[in-house]
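Data first, discussion second: the structure below is written as structure tokens.
These numbers come from the heavy atoms of this one structure, side chains and all, not from hydrogens, waters or symmetry mates. Keep in mind that what you see is a predicted model, and the values were worked out from it rather than measured. The chains referred to below are lettered A, B, ... by the order of the sequence lines, with proteins before strands, and numbering in each begins at 1.
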Amino acid sequence: MAVDMTQKPILVVKDLNVHYDTGKGPAKAVNDVSFSLRPGERLGLIGESGSGKTTMATALMRLTRAPGRIVSGSVELDGQDLLKLSDKDLREVRLRDIALMPQGAMSSLNPVMRLEEQMIDAIVAHVPNLKRPELDARVQQLLKQVGLEPEVARRYPHELSGGMKQRAAMAIATSLSPKVIVADEPTSALDVVVQRQVMQTLGRLQDGLGAAVVLIGHDMGLIAQFADTVGVMYAGKIVEIGPVRQMIEAPKHPYTKLLVESLPGIEVKQALVGIPGLPPPLVNLPTGCSFNPRCPFAFDRCRSETPQLQEVVPSQFAACHLYPDHKELPPLPARATRELHA
Amino acid sequence: MSKEIVRYIATRFGQLLVVVFVAVSVNFIIPRLLPGDPVQTALARLQTSGGAANVDIQAVSAAYRARYGLDAPVWQQYINYWGDLLTLDLGVSFANFPEKVSTMIGNALPWSVTLLAVATLIAFSVGSLLGARLAWPTAGRGIKSLVPFLMVLTSIPFYLLAIILIYFFAVVLKWFPPAGGVDTTRIMRLDWATTYDILEHAFLPCMAIVLGNVGFWALGMRSQMVNVLGEDYITFAEAKGLHPRRIFVWYGMRNALLAQVTALALSLGSVVSGAVLVEVIFNYPGLGSLLYVAIRGQDYFVIQGVVLMLIVSLAVLLFIVDLLYPLLDPRIRR
Ligand SMILES: Nc1ncnc2c1ncn2[C@@H]1O[C@H](COP(=O)(O)OP(=O)(O)OP(=O)(O)O)[C@@H](O)[C@H]1O
Ligand code: SF4
Ligand SMILES: [Mg+2]
């Protein structure tokens, strides 16, 4: 579905900060994150493990648990700030307006309840007074939509394969036609064939509902196939966000560039490249740009001043001091390329 | 019922039979491994200590001979032994000759079973509920301050608890009778006065068992619940917009209870032995007191009968827990 860019956003996240209280002080797992999402838009969020994707996803629905803490910011869904709702109103919004497919959907189903009970549980929480036959019919319809057989309803989670569990979680997440679906690595534990099927199902469902999707993953290839917009997270920040083609063909942030370079090509057998160095500790972020210890372009300003997201080319934003002095990302210095291929 | 369930029950029942078979056989073999004649020795000792002055040695010997068919070969004795057991003939008491051991056990059993079942059920449910609440994020400071108290309770031995309870509530405050199952003068009838009398006597022993166990169940449940609450299905349940109460019971407790029931099965032995001690201290007319008196009086057949009874009841209890488990956990129904 094409996204109508003139429509006003359905989800607006502003300056979201989530910290984990640790013995050494707060770990800033989500650090001043802002983005918005239009109805029907597919946003892919990628980042290394530990970059704060799950923390962000759970904070969107205020599911953050101790030692995690939403410090500041706002998450406006259709104009109302979820972070300010009463517990009761928040419960009503969850699933009905914004649904989460948690990371590890494999373990997202209660092992001692039949699938149908877990589906009915969700529906009844929002639409009480439904009669059992109506609920059964609804369950059957939802299962069919995600490509599961009717008899799966009577099964327990341990009687389902990984792909089936993922589909079941999808059936539950879409059961009330939410406006926003947050899918946290929905395919990471599946084999490639099943991954594609699950992604196709998710795409089809989303089209049907007209819902916006936040798809989280660390596989640039898979995200690129699905998303309209791609956001790149590094150390709790979105460092670049923009339309998928531009992001892959002309990344602006050095980190995005290195991520794209590290995509293994299909035709040419290529030495698998990585990004030298490790992500910084979140409790003790480097001053200035968090990426400066690993960045091949780092200069003095990077070590003193934190870069803000800026529109480098239309609708593509990057948080990097190279702009606006440069128009394009300069070619990677030879030293960095050598290191990458070492 | 599916074929799998039938097979599961059949397997567990088979295990029960094996345990009973082994217990009975050991009970048969051990006296025969001892040098000399344990019954004669016991009688002789009783005689010299004057503890069984009114025992008719001839009669006991005759009973004893009749019981084992001493001149028959061992396999014949073994078969006879089983025959006796199946007709509930466990021999006779020396101390209360000619009272049958089966009658004595029959009188004591209801007391023990009721006391233990009620106390364990209370301790298990109160403890589990308390533990689950303690693990829930909204647990207040009031309920959390119970934790050190529960830890102390788990480390106090049963008998000490019993003695403390007797001292305060029976000796100092005189709210409850210090010992026995009913008033010695009571004529047992099915009426309100008798019931009240029984409850009044059962209260302190019951409290001793409950207090001795509740900490164990609460602390166990707390750690189980903490684990369960970290699971992805709890996050998903919250994301579904379910009411916290529903998540607490059906997603949290329901899963945490699985490990509690396993613990229940594993701890039955110590629960029973603890209850035996409590009965002795309260002079409660159950199996524990019966065993204690029999050991002190070297009442051979009574000891044998009660021990056999305890082993068999433990096996039956385990069997019941085993049957309960697949009802709770669908993953082991296959
Ligand atoms: N309960 C916690 N206590 C302390 N720190 C935590 C906790 N959960 C996460 N973190 C920290 O927060 C950071 C972000 O974690 P998060 O799970 O959001 O990463 P992610 O991007 O989803 O990674 P992955 O791709 O592995 O799922 C990590 O550095 C992690 O160490
Ligand atoms: S701000 Fe500096 S360190 Fe950060 S990405 Fe840009 S060039 Fe590299
Ligand atoms: Mg994650």
Side-chain angles (χ1 to χ4, degrees), chain A residues 54 57-58 60-67 87-115 117-128 154-159 165 168-169 172-173 175-176 178 181-184, chain B residues 1-5 8 128 132 134-141 144 221-222 224-262 323-334:
Chain A
T54 300
T58 41
L60 290 183
M61 296 178 71
R62 222 166 92 195
L63 290 166
T64 307
R65 290 209 200 121
D87 285 351
K88 184 168 174 296
D89 292 341
L90 181 67
R91 278 205 302 277
E92 282 172 16
V93 168
R94 286 177 181 165
L95 194 68
R96 190 192 64 197
D97 294 336
I98 179 168
L100 174 73
M101 291 168 61
Q103 179 164 19
M106 297 298 144
S107 46
S108 292
L109 298 172
N110 184 347
V112 297
M113 277 169 94
R114 292 181 198 278
L115 179 55
E117 297 171 67
Q118 304 191 41
M119 297 175 71
I120 288 175
D121 230 14
I123 300 171
V124 168
H126 297 275
V127 195
R154 303 278 304 152
R155 296 214 198 149
Y156 287 97
H158 73 274
E159 298 166 329
K165 278 187 226 174
I172 293 176
S175 56
L176 290 162
I181 302 170
V182 182
D184 192 356
Chain B
M1 263 203 304
S2 77
K3 232 156 98 189
E4 279 153 5
I5 298 180
Y8 176 85
S128 296
L134 281 170
W136 195 248
T138 61
R141 207 175 306 149
K144 278 200 173 139
M221 185 69 172
R222 184 179 64 151
Q224 285 308 319
M225 192 75 171
V226 164
N227 284 339
V228 167
L229 292 182
E231 294 282 345
D232 291 328
Y233 53 78
I234 300 289
T235 310
F236 197 37
E238 281 184 73
K240 291 200 288 190
L242 300 188
H243 196 281
R245 218 175 306 129
R246 180 137 191 103
I247 300 177
F248 179 76
V249 177
W250 292 101
Y251 290 73
M253 276 195 81
R254 183 67 178 67
N255 280 292
L257 268 180
L258 299 178
Q260 287 283 95
V261 174
T262 311
L323 288 193
L324 223 63
Y325 207 72
L327 288 181
L328 288 174
D329 191 351
R331 281 164 295 191
I332 52 164
R333 264 174 227 174
R334 35 181 70 226

Residue pair A239(B) / M61(A): nearest heavy atoms and the distance that separates them: O-CE, 3.7 Å

Per-residue contact mode, A66(A) against chain B (heavy atom under 4.5 angstrom): neither

Reported CD1-to-OG distance for the pair I234(B) and S107(A), which is rounded to 0.5 angstrom: 11.5 Å

Distance (rounded to the nearest 0.5 Å) between I247(B) CD1 and D121(A) CG: 9.0 Å

Taking every non-hydrogen atom, the tightest pair across A125(A) and G241(B): CB-O, 4.0 Å

Stepwise side-chain contact (heavy atoms from CB on, under 4.5 Å) check, V112(A) with N255(B): CA-CA 7 Å; V112(A) 297; N255(B) 280 292; 3.5 Å; yes

Separation of R94(A) CZ from K240(B) NZ (nearest 0.5 Å): 13.0 Å

Interatomic spacing from NE2 in H126(A) to CG in L242(B) - rounded to 0.5 Å: 7.0 Å

Test item: Q118(A) and Y233(B) side chains (from C-beta on) under 4.5 Å apart, heavy atoms: no

Residue L258(B) versus chain A: region with a heavy atom under 4.5 Å: side chain

Residue pair S108(A) / T235(B), side-chain heavy-atom distance below 4.5 Å: no

Smallest separation among heavy atoms of F236(B) and I172(A), with atom names: CZ-CG2, 3.7 Å

Between L90(A), L100(A), I123(A), L176(A), the one whose heavy-atom pairs under 4.5 Å with chain B are most numerous: L100(A)

Stepwise salt bridge (charged side-chain N to carboxylate O under 4.0 Å, His left out) test for R65(A) and E238(B): CA-CA 11 Å; R65(A) 290 209 200 121; E238(B) 281 184 73; 3.4 Å; yes

Segment of A99(A) engaging chain B (4.5 angstrom heavy-atom cut-off): neither

pair R114(A)-P330(B): side-chain heavy atoms closer than 4.5 Å: no

Under 3.5 Å: donor-acceptor pair, side chain of N110(A), backbone of W250(B): yes

